[in-house]
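One structure below.
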Amino acid sequence: MADPALVRELTRNAAHVLPEGELERKLDRGRPLRVKLGIDVTSPDIHVGRAIPLQRMRAFQDAGHVGVLIVGDYTTRIGDPSGRSSERPVLSDDEIDRNARTYVDQAMIVLDPDRTEVRYNGEWLAKLDFAEIVRLTRVATVAELLTRDDFRKRYEAELPISVSELLYPLAQGYDSVAVEADVELGGTDQLYNLLMGRKVMEAYGLEPQVALTTPLLLSWDGEKMSSSIGNNVPLTAPAEEQFGRTMRIPDELLPEWYRLVLESDDDPLAADPMGAKLRLARWVVARSHGEEAASAAEAHFTRVVREGRAPEEVPEVTVAADGGTVYLPAVLVDLGVASTSEGRRLIAQGGVRLDGEAVTELEVPASRLDGALLQAGKRRFARVSVRADTA
RNA sequence: GGGGGAGUUCCCGAGUGGCCAAAGGGGACCGGCUGUAAACCGGUUGGCUCCGCCUUCGCAGGUUCGAAUCCUGCCUCCCCCA
């Protein structure tokens, strides 16, 4: 009999474990299970939300099972070319290869490399000939494919759905055949695909996989965390950035993050929510960058955000001055402000400071600028040095 | 193959000849406040050394003193019928 405590750990936070009892049956066979997780390579980073199923994979690995990480290089490559370019840009082969490589590195932040098998699905999908593809398409009907929520919604909203997209769940299911998955992990949005994987495996004479989904992590805006929206905390973002982004989540989301990300039973709102959020941010940074970086990131946050002081390390900006004054908006562009027009607006709004004092004019005496600390908004700082321009 | 509908500034979405750099919402940014880069309140949101000028409303032409709005051609997308 499968150890109930172990099953609880493996299925911790799971939204679905289907079909019921099947995981226990597979565990009882006593051999290491092959636990699959597919990742597409449409964007260059894995974020804290997508790490949640990875954390499950890690739990399986720690119990002696094998993690099969599938890099969807091929599914990304054939990805929908129809006009939805703004949402799903078709990536170049180079981009896909580059993304694919960094993905594996990122995933290893969470996974145990010694128990991970990395596979690229181009390995088998590239070899399918047309007859085989047609055989694959017989697994499902159009009506069945259209029952999937996002397809149905798009269909009802008269938004485009390309045939290649309909093929996607089948291709993903074929991955399960190729790697002979015992379990497939995914977010709850993947439930449909995971169950389709069962059908495909059955059609190919294999024992269907168990589908295990985890809830989607909501970000500070209340939306599902997503790289394309930009509300993400990437596993490879700089420590300070990770810390700040994590601190942006509203208090109401803390319990969910504690449960899913920290895998902690503590109630973060019981005592001091601020302290609880700091602990969470430290944990997120420490996983990616280590304890030391986490402490430094917290110190930075305290100094810059809570106390409103300049960071310890500030980039240098050099300005050429031909006369007595310098056109400040142009300097702001060097700090990362989008345009001089925006720089003007920032100044007008009191968002630009020289040595802590709000600037009100566009032209600033070079003498006042030289060696001064320039600040644009809350987050952009630079030390200015003026170089005489004798041209 | 036939018919109907649509393409607007980062996104959604108003706008049918001048009052349009273009309503409203979202997002983002700035300020205030704050335990936080949260919440809340107020403001800003094409570019330009900017009281003015320049470029934008799928693309290319055209009509007009004047076009996001009218005409012609093209491209793209959606739906229905076959």
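Here is the naming used below: chain letters follow the sequence lines, and residue numbers restart at 1 for every chain.
Each of G35(B), A38(B), A37(B) was ranked by its minimum atom distance to the side chain of Pro250(A); first place goes to A38(B). Relative to the side chain of Lys378(A), the nucleotides G35(B), A37(B), C29(B) differ in distance, and A37(B) lies closest. With U45(B), C30(B), A37(B) as the candidates, the nucleotide lying closest to the side chain of Met247(A) is A37(B). Comparing A37(B), C50(B), A28(B) against the side chain of Trp220(A) picks out A28(B) as the nearest. In this structure, the nucleotide among A28(B), C50(B), U36(B) sitting nearest to the side chain of Thr340(A) is C50(B).
Rounded to whole Å, the separation between the C1' atoms of A22(B) and G13(B) comes to 13 Å. Taking the P atoms as reference points, U9(B) lies 23 Å from C54(B), given to the whole Å. Distance noted for atom C1' between A14(B) and G7(B): 15 Å (whole Å). Taking the P atoms as reference points, G61(B) lies 14 Å from U55(B), given to the whole Å. Here, C48(B) and A28(B) have their C1' atoms 22 Å apart, quoted to the whole Å.
Taking a pair to require two hydrogen-bonding distances under 3.5 Å in either a Watson-Crick or a G-U wobble arrangement, C57(B) remains unpaired. Judged by Watson-Crick or G-U wobble contacts below 3.5 Å, the nucleotide G27(B) has U45(B) as its partner. When both pairing distances are held under 3.5 Å, A68(B) makes no Watson-Crick or G-U pair with any nucleotide shown. Pair assignment for U36(B): none, as no Watson-Crick or G-U wobble contacts are both less than 3.5 Å. In this structure, C50(B) forms no base pair with any nucleotide, since neither Watson-Crick nor G-U wobble geometry is met with both distances under 3.5 Å. C77(B) and G5(B) make up a base pair, with Watson-Crick or G-U wobble contacts both under 3.5 Å.
Residue Arg344(A) places no side-chain N or O under 4.0 Å from the OP1 or OP2 atom of U45(B).
Looking at Arg379(A), its side chain comes within 3.5 Å of the base of A37(B) through a donor and an acceptor atom. No donor-acceptor contact under 3.5 Å links the side chain of Ser339(A) to the base of C48(B).
Checked by atom type and distance alone, the side chain of Arg383(A) pairs as donor or acceptor with a backbone atom of Gly371(A) at under 3.5 Å.
Phe60(A) and His65(A) have perpendicular rings, their planes meeting at more than 60° on a 0 to 90° scale where under 30° would count as parallel.
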Stepwise salt bridge (charged side-chain N to carboxylate O under 4.0 Å, His left out) check, Asp272(A) with Arg279(A): CA-CA 11 Å; Asp272(A) 164 31; Arg279(A) 177 183 156 199; over 6 Å; no
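Ile347(A) has its CD1 atom 12 Å from the P atom of C48(B), to the nearest Å.
Using a 4.0 Å heavy-atom cutoff across all strands shown, Glu252(A) reaches no nucleic acid atom at all.
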